[in-house]
Amino acid sequence: MASDRRLQSSFSATLLSIFFNDQVQRNMLSDVVLVSPSVTAYALCCVFVAAVARGFSGFGFTLLAIMSLSFVLPLSTIVPAMFVLEIAAGVKLLPSLWGQVHWRSIRILVSSSIMATPVGAYLLVSLPAEYVKFVLAILIMACCLVMITGYKLKRMPSATQTAATGAGAGVLNGSLGLGGPPVIVFFLGSPLALEAGRASIVAAFLAMDVAALPAFWALGLFGRESLHLGLMSLPVLVAGVWLGARIAQHVEEAVARKVILVLLMLLALGSFV
């Protein structure tokens, strides 16, 4: 009888060990997988392609990443994660561009953006995802069409126009994580030199993203899934930006930008399907 009890105890311990080991394996797998392995692989590919685009054009990362990831993940997960990545990219790029930034415009843009960002963050948690994706697609297509035409202002916008651009960027930044389109059109369509426009875009993105963090934390948008996606994608972001910068040395900038704009428009059209 004693031997039978020892045998049963040993068998039960073995089953418990197998069960708990299986649970540990599942927990470990959940730490590196989002919804499924295929979704995780797709998400990392999207981030990598978007990072390559950022590396050789100076913009397009958030637009490409959010638009492509929105097919498999909710915007409430994607947007905070892209904030993490955008801030990381901006911190790395800004020191080398500091002297070329048009600070007068940046001060007005960022101030009005900070005031409008909480409104956008509220819309993110209040509006149905379908409506937000529709607005996002329209916004991207309009931005791409403006940039394809090569539109340029003859002089810098007034303080009022700059503040309005910042407010619009703040609402979009809080609701979609995409304050970029108004800022991109503002600076690349301005009479500033291309280098100054790029530097100012990087500075504006970084400032608006940092300013949006308190609103996101207050609304509880930085959930486990968002932080998971952001941190998991960070090495992919670094690799993509590095590769994009290398490609930029061998590809004409005008050609690269047209490729990105066409890809963005295709993604926007795909969201209507």
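- Neither Met208 nor Met115 shares a network with the other; the hydrophobic side chains, linked directly or stepwise wherever heavy atoms of I, L, V, M, F, W or Y lie under 4.5 Å apart, form separate groups for each.
- Atom CE of Met141 sits about 6.0 Å away from atom CD1 of Ile138, to the nearest 0.5 Å.
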Using the rule given for side chain to side chain contact (heavy atoms under 4.5 Å, CB included), can you reason through Phe205 versus Val202, listing the C-alpha separation, both sets of side-chain angles and the distance that settles it, and then say yes or no?
CA-CA 5 Å; Phe205 285 0; Val202 171; 5.9 Å; no
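- One distance of note links CG of Leu75 with CE of Met82; it measures 11.0 Å at 0.5 Å rounding.
- You'll find the side chain of Phe187 reaches within 4.5 Å of the side chain of Ser105, heavy atoms only.
- Follow the hydrophobic side-chain contacts under 4.5 Å out from Leu231 and you never reach Leu229; the two are in separate clusters.
- Here the shortest heavy-atom pairing between Gly166 and Ser112 reads CA-OG, 3.2 Å.
- In this structure, Val52 and Trp242 have side chains that are not in contact, with every pair of non-hydrogen atoms separated by 4.5 Å or more.
- A continuous path of hydrophobic side-chain contacts links Leu227 to Val210 [ILVMFWY only; heavy atoms under 4.5 Å].
- With Ser113 contributing its side chain and Leu109 its backbone, the two residues share no donor-acceptor pair below 3.5 Å.
- Shown here for Ser233 and Leu44, the closest heavy-atom pair between the two residues is OG-CD2, 4.0 Å.
- Defined by atom type and a distance below 3.5 Å, a donor-acceptor pair is present between the side-chain atoms of Thr62 and Glu86.
- Exactly one of Ile78, Thr77, Val72 qualifies for a side-chain contact (heavy atoms from CB on, under 4.5 Å) with Pro74. That residue is Thr77.
- The closest side-chain heavy-atom distance from Arg104 to Thr162 is not below 4.5 Å.
- Closest of all the heavy-atom pairs between Phe186 and Pro157 is CE1-CG, 3.2 Å.
- By the 4.5 Å heavy-atom criterion applied to side chains, Leu73 and Val39 are counted as neighbours.
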Go through it in stages, so that I can follow the logic: the residues are Phe71 and Cys46, the test is side chain to side chain contact (heavy atoms under 4.5 Å, CB included), and I'd like the CA-CA distance, side-chain angles, deciding distance and then a yes or no.
CA-CA 11 Å; Phe71 291 109; Cys46 290; over 6 Å; no
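- Scanning all heavy atoms of the two residues, the minimum distance from Ala51 to Phe61 falls at N-CD1, 3.5 Å.
- Rounding to the nearest 0.5 Å gives a distance of 11.0 Å between CG of Leu94 and CD of Gln100.
- Taken to the nearest 0.5 Å, the CZ atom of Arg224 stands 6.5 Å off from the NE2 atom of His228.
- Under a 3.5 Å cut-off, the side chain of Ser158 and the backbone N or O of Gln161 do form a donor-acceptor pair.
- Going from atom NE2 of His102 over to atom OG of Ser200 covers 7.0 Å, rounded to the nearest 0.5 Å.
- Put simply, Val183 and Ile108 are part of two different groups of oily side chains (I, L, V, M, F, W, Y) that touch within less than 4.5 Å, one to the next.
- The shortest non-hydrogen separation linking Ala199 to Val101 is O-CG2, 3.6 Å.
- The two residues Ala81 and Ser226 come nearest to each other via the heavy atoms CB-O, 3.3 Å.
- Tracing side-chain contacts under 4.5 Å through hydrophobic residues (I, L, V, M, F, W, Y), one never reaches Val238 starting from Ile87; they form parts of separate clusters.
- Checking side-chain atoms of Tyr42 against main-chain N and O of Leu69 turns up no donor-acceptor pair under 3.5 Å.
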